[in-house]
Amino acid sequence: MTETITEQLPVNGDLWQATLQWQPSDQQQALFDRLYNGIVEGNRQVNLTRITEPDSFWEKHLWDSLSGLVPWYEPEKPQWLPTVKRVIDIGTGGGFPGLPVAIARPNWQVTLLDSTRKKIAFLQTLCQNLGLTNTAFLAERAETVGHDKKHRAQYDLALVRAVGPASTCAEYALPLLKKSGFAVLFRGQWTDEEEELFMGALDTLGGELVAICPWETPLTQGIRHCLYVKKVEKTDKEFPRQVGMPAKHPL
Ligand code: SAM
């Protein structure tokens, strides 16, 4: 697979600057364009995303993925901010949020995890073509990886977007984090009722909700919330529960 550059994404430097106080370098912008064209092309064989129009791709995939990193871009870094080396994107699908993060943060080692083997095989080839050497790939269920010694308690940061209820995402993420590591859960709307249920799940899993960042997406004003969850206690070895349970019966 070789991706052909047929369309370019908007640069939107002022929007990056206003929201993340960051802008992609020319090299990163070129990688975003190649990522976009590669995904659009790959979509013909593997169902990766319905968002393929350049402005929507920029907002709903690139901007949305990097909005979760806003604390790392703040001039006065929050005290709770962890130092990050190893990142895992759980249920990465077409590579979001993991691929934009790998491009924006070349010093972070980003593992892309998805249970659909075809998606992971595609992402591996795409990353080879893009020359993204800070990526690794796992075609597995999060429930299985969470009990594998090579991965349990090994990550500084877990990213989870659009993989189910918040407590399901937390059950996938917390076992994979080192103590004091963080999960960023990307949510749309976020209600008090959801938060109440979620707090119970976090108690069970050894997590603490440290911050919630509400956003409006910069082009279409969609509602987003990024939840920052710190691992404060070792997660009990019964979690994650067996395959299917976290989604069928969220904590
Ligand atoms: N995170 C991507 C995004 O925001 O565009 C993809 C979201 S897609 C709706 C959910 C993805 O999670 C699918 O690719 C699915 O295969 C994967 N997934 C769901 N449950 C999973 C699990 N237990 N372990 C690993 N991957 C899972």
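Here the structure is a predicted model, which is why all the values come from computation and not from measurement. Both counts, for ligands and for their atoms, begin at 1 and track the order of listing.
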### Query
Hey, does Phe186 sit under 4.0 Å from ligand 1 if you only count heavy atoms?
no

### Query
With a cut-off of 4.0 Å, which atoms of ligand 1 are near a heavy atom of Gly93?
6 (C), 14 (O)

### Query
Within 45° of the axis and under 6.0 Å from the centre of the six-membered ring of Trp190, does NZ or CZ of Arg187 qualify?
no

### Message
Only heavy atoms of Ala142, strictly under 4.0 Å: list the atoms of ligand 1 that pass.
### Response
22 (C), 23 (N), 24 (N), 25 (C)

### Task
List every atom of ligand 1 that sits less than 4.0 Å from any heavy atom of Lys119, numbering the atoms from 1 in the order shown and giving each element.
13 (C), 14 (O)

#### Entry: Shortest protein contact, atom 2 (C) of ligand 1 (heavy atom only)
Phe96 O, 3.1 Å

### Query
Nearest non-hydrogen atom to atom 19 (C) of ligand 1 belongs to which of Val163, Leu48, Val243?
Val163

### Query
Which protein non-hydrogen atom lies closest to atom 17 (C) of ligand 1, naming both residue and atom, and how far is it?
Asp114 OD2, 3.3 Å

#### Entry: Aromatic contact, Tyr228 with Phe182 (centres under 6.0 Å)
no

### Message
Could you identify the single nearest non-hydrogen protein atom to atom 12 (O) of ligand 1 and state the distance to 0.1 Å?
### Response
Gly91 CA, 3.4 Å

### Query
Any side-chain donor paired with an acceptor under 3.5 Å for Glu216 and Gln221?
no

### Ligand-residue contact atoms, ligand 1 with Thr116, heavy atoms, under 4.0 Å
16 (O)

### Query
To which protein heavy atom is atom 5 (O) of ligand 1 closest, and what is the distance rounded to 0.1 Å?
Arg161 NH2, 3.1 Å

### Query
Salt-bridged, Asp89 to Arg161, with N to O below 4.0 Å?
no

### Query
Which ligand 1 atoms, with their elements, are less than 4.0 angstrom from a heavy-atom of Glu143?
22 (C), 23 (N)

#### Entry: Residue pair Trp58 / Val11: nearest heavy atoms and the distance that separates them
NE1-O, 3.9 Å

### Six-ring centre of Phe137, Arg117 cation under 6.0 angstrom, axis tolerance 45°
no

#### Entry: Reference residue Trp63; test side-chain hydrogen bond (donor to acceptor under 3.5 Å, both in side chains); the match among Thr217, Asn12, Thr19
Thr19

## Note on the structure
Among non-hydrogen protein atoms, atom 7 (C) of ligand 1 lies closest to Ala162 O, 3.5 Å

### Message
Tell me if a side-chain donor or acceptor on His225 pairs with a main-chain N or O of Cys213 at a distance below 3.5 Å.
### Response
no

### Message
Counting non-hydrogen protein atoms only, what is the nearest one to atom 26 (N) of ligand 1? Give residue, atom name and distance.
### Response
Ser115 N, 3.2 Å

## Note on the structure
Checking heavy atoms under 4.0 Å, the part of Thr49 that sits near ligand 1 is neither

#### Entry: Pair Glu171-Thr168, side-chain donor/acceptor within less than 3.5 Å
no

